[in-house]
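Notes follow the structure.
Not measured: the values here are computed from a predicted model. If you read the sequence from its start, that first residue is 1, and numbering goes on from there.
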Amino acid sequence: YLSPRSGYTNIYRKPLHGAADARIVVAGERTPEFESLHPFSSRLDSRDGVVIFSSKHGDRDALVFFDVADDRVVGRYQFDSLVGIISPSWAPTGDRVAFSGLTLGGISDLWILELPGGELRRVTDDRYEDLDPTWLPDGSSLVFSSDRAAGGAEGAHNLYRVHIAERALAPLTRGPWRDEAPRWDAESGRILFTSDRGGTFDLYSVDTLGIGRRETRVEGALFDPAPL
């Protein structure tokens, strides 16, 4: 997880069980290599002990692959066409990574990095802000948050599903609120996300057809769900 608890934003590792302290995995904001980890806009993902995240590196963002056990960077990708990279998401097969990329013209679309060759593939291509992609389990579609719905100009975001090969879009939620940070939950077979439709951010879920329900009612707020 990301935290500024030391005065710098770092990536930490904390065991779920036992009394072991949190350990810094990646020290941010101290070197040009990890100049900014985008703590308020970007998420992490991991697979087989490798964490993927975005970091400002020079004049643009880089997509970084970090092996936690070996304590080293095992991959770094930068793209001439993109200045910003946020919220990478590993495909179920492990051979692709989806993320939200900001073009030189200021357009935020969804992209896929093919591994291990490093080919870049554009999934959405329009003027809307497309954020926080998550893979559906068959690897053929992504769910993401976007301001392309009515009310988007006033800040509303809803969830959409896009079929990668056909680039066909379908709305999963609708309304003048912010539906954010979708994540596939294998145990429930649903997409978890946060929304402020109840006045503050709570946890909600929706299936792949758009049938949704509220999951929590908390006094504070919830952000960035990560199913185990």
Check: residues 105-116 side-chain donor-acceptor pairs under 3.5 Å, at least two apart:
| unit_1 | atom_1 | unit_2 | atom_2 | d |
| --- | --- | --- | --- | --- |
| Ser108 | OG | Ser100 | OG | 3.1 |
| Ser108 | OG | Asp130 | O | 3.2 |
| Asp109 | OD1 | Thr124 | OG1 | 3.1 |
| Asp109 | OD1 | Asp126 | N | 3.4 |
| Asp109 | OD2 | Arg122 | NE | 3.4 |
| Asp109 | OD2 | Arg122 | NH2 | 2.6 |

- Smallest heavy-atom separation, Pro227 atom then Leu192 atom, equals CG-CD1, 3.7 Å

- Task: Mind checking the CD-CG spacing from Glu129 to Asp147? Nearest 0.5 Å is all I need.
- Result: 5.5 Å

- Note on the structure: So salt bridge (Lys or Arg N to Asp or Glu O under 4.0 Å) across residues 58-67, not counting sequence neighbours, yields none

- Message: Looking at every non-hydrogen atom in both residues, tell me the closest pair between Gly7 and Glu29 and how far apart they are.
- Response: O-OE1, 4.3 Å

- Which is it for Val50 and Val68 under the side-chain contact (heavy atoms from CB on, under 4.5 Å) test, yes or no, and what are the steps along the way? CA-CA 6 Å; Val50 176; Val68 175; over 6 Å; no

- Starting from Leu104, walk the hydrophobic network (Ile, Leu, Val, Met, Phe, Trp, Tyr; side-chain heavy atoms closer than 4.5 Å) and list everyone else you reach, by chain and number. Val83, Leu102

- Message: Check whether Lys56 reaches the backbone of Ala62 with its side chain - one donor and one acceptor, N or O, closer than 3.5 Å.
- Response: no

- To the nearest 0.5 angstrom, please state how far the CZ atom of Phe66 sits from the CD1 atom of Ile11. 8.0 Å

- Message: Checking Val218 now: which residues fulfil side chain to side chain contact (heavy atoms under 4.5 Å, CB included) with it, not counting sequence neighbours?
- Response: Asp202, Thr216, Leu222

- Message: Does any part of the side chain of Arg183, heavy atoms only, come nearer than 4.5 Å to the side chain of Arg43, both counted from C-beta?
- Response: yes

- Task: Compare every heavy atom of Pro133 with every heavy atom of Ser89, then report the nearest pair and how far apart it is.
- Result: CB-O, 3.3 Å

- Task: Not counting sequence neighbours, list each pair that qualifies as a salt bridge (Lys or Arg N to Asp or Glu O under 4.0 Å) and has a residue in residues 215-226.
- Result: Arg213-Glu215

- Task: Taking the six-membered ring for Trp and the full ring for Phe, Tyr or His, determine whether the centres of Phe53 and Phe65 are under 6.0 Å apart.
- Result: no

- Smallest separation among heavy atoms of Leu203 and Pro225, with atom names: CD1-CB, 3.8 Å

- Query: Remaining members of Leu131's ILVMFWY cluster at a side-chain heavy-atom cut-off under 4.5 Å?
  - Reply: Ile86

- Query: Would you say Ser54 and Ser87 make side-chain contact, with heavy atoms under 4.5 Å?
  - Reply: no

- Does some side-chain heavy atom of Phe144 sit less than 4.5 Å from a side-chain heavy atom of Asp132? no

- Query: Tell me, which pairs form a ring-ring contact (aromatic ring centres under 6.0 Å, His included) where one or both residues lie in residues 113-138, sequence neighbours left out?
  - Reply: none

- Item | Contacts of Pro176 that satisfy side chain to side chain contact (heavy atoms under 4.5 Å, CB included) - sequence neighbours left out | none

Identify every side-chain donor-acceptor pair in residues 167-174 under 3.5 Å, counting partners at least two apart or on other chains, and give the distances.
| unit_1 | atom_1 | unit_2 | atom_2 | d |
| --- | --- | --- | --- | --- |
| Arg167 | NE | Val123 | O | 3.0 |
| Thr173 | OG1 | Leu159 | N | 2.8 |
| Thr173 | OG1 | Asp179 | OD2 | 2.7 |

- Message: Side chains of Tyr160 and Leu142, heavy atoms from C-beta outward: is any pair under 4.5 Å?
- Response: no

- Return the set of residues passing side-chain hydrogen bond (donor to acceptor under 3.5 Å, both in side chains) with Ser55 (not counting sequence neighbours), or none when no residue passes. none

- Quick one: do Phe201 and Glu180 satisfy side-chain contact (heavy atoms from CB on, under 4.5 Å)? Show the steps, please. CA-CA 9 Å; Phe201 279 95; Glu180 299 180 343; 3.7 Å; yes

- Residues forming a side-chain hydrogen bond (donor to acceptor under 3.5 Å, both in side chains) with Asn10, sequence neighbours excluded: Ser6, Tyr12, Arg30

- Report yes or no: is the cationic atom of Arg197 (NZ for Lys, CZ for Arg) closer than 6.0 Å to the six-membered ring centre of Tyr204, at no more than 45° off its axis? yes

- Query: Who pairs with Arg76 by side-chain hydrogen bond (donor to acceptor under 3.5 Å, both in side chains), at least two apart in sequence or on another chain?
  - Reply: Glu33

- Side-chain contact test, heavy atoms from C-beta onward, threshold under 4.5 Å: evaluate it for Ser141 versus Val162 and give yes or no. no

- Query: Which heavy atom in Gly58 sits nearest to a heavy atom in Glu35, and how many Å separate them?
  - Reply: O-OE1, 4.4 Å

